[in-house]
Amino acid sequence: GHIVIYGSNPHTFPGLQCDDGRQYSITGRKEITDELEKSQGYHIEVTGIVTENRKKVPFFTTLKDGSIEVLSWKAVQ
């Protein structure tokens, strides 16, 4: 998928838009989330722990499919 920045300054947060249309808010260590924010637009693969949003309704910092705590990531072609 790829990184999308949601919200408006100064209250933004990164999200992952998956290739299949799923959307997850990104959580995790600050150094990882900061790196991911700078990678907006790149096609990436992530490894992490998904917490599903069972209501499928987005709210302030959780996107419609839930959140993912990113443990590692890499840019792909």
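Please read these numbers as outputs of a predicted model, since none were measured by experiment.
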Going from [atom1] on [X] to [atom2] on [Y], what distance comes out if it is rounded to the nearest 0.5 angstrom?
X	Y	atom1	atom2	value
Asp65	Gln17	CG	CD	9.0 Å
Ile5	Leu36	CD1	CG	8.5 Å
Ser67	Asn53	OG	CG	8.5 Å
Lys38	Thr33	NZ	OG1	10.5 Å
His2	Ile44	NE2	CD1	9.5 Å
Ile26	Glu69	CD1	CD	12.0 Å

- Query: Got a sec, which residues hit side chain to side chain contact (heavy atoms under 4.5 Å, CB included) with Ser39, two or more places apart in sequence or on another chain?
  - Reply: Tyr42, Trp73
- Query: Do Leu16 and Ile32 share a hydrophobic cluster, counting only Ile, Leu, Val, Met, Phe, Trp and Tyr and linking them when any side-chain heavy atoms are less than 4.5 Å apart?
  - Reply: yes
Which residues satisfy the side chain to side chain donor-acceptor pair (under 3.5 Å) test with [X], sequence neighbours excluded?
X	value
Gln40	none
Asp19	His43
Arg22	Asp20, Tyr24
Glu45	none

- Message: Can you list, by chain and residue number, the hydrophobic cluster partners of Leu71 when the side-chain cut-off is 4.5 Å?
- Response: Ile49
- Check against side-chain contact (heavy atoms from CB on, under 4.5 Å), Ile3 and Glu37: CA-CA 7 Å; Ile3 300 299; Glu37 284 186 18; 5.6 Å; no
- Note on the structure: Smallest heavy-atom separation, Ser25 atom then Phe13 atom, equals OG-CE1, 3.7 Å
- Which residues satisfy the salt bridge (Lys or Arg N to Asp or Glu O under 4.0 Å) test with Lys30, sequence neighbours excluded? Asp34
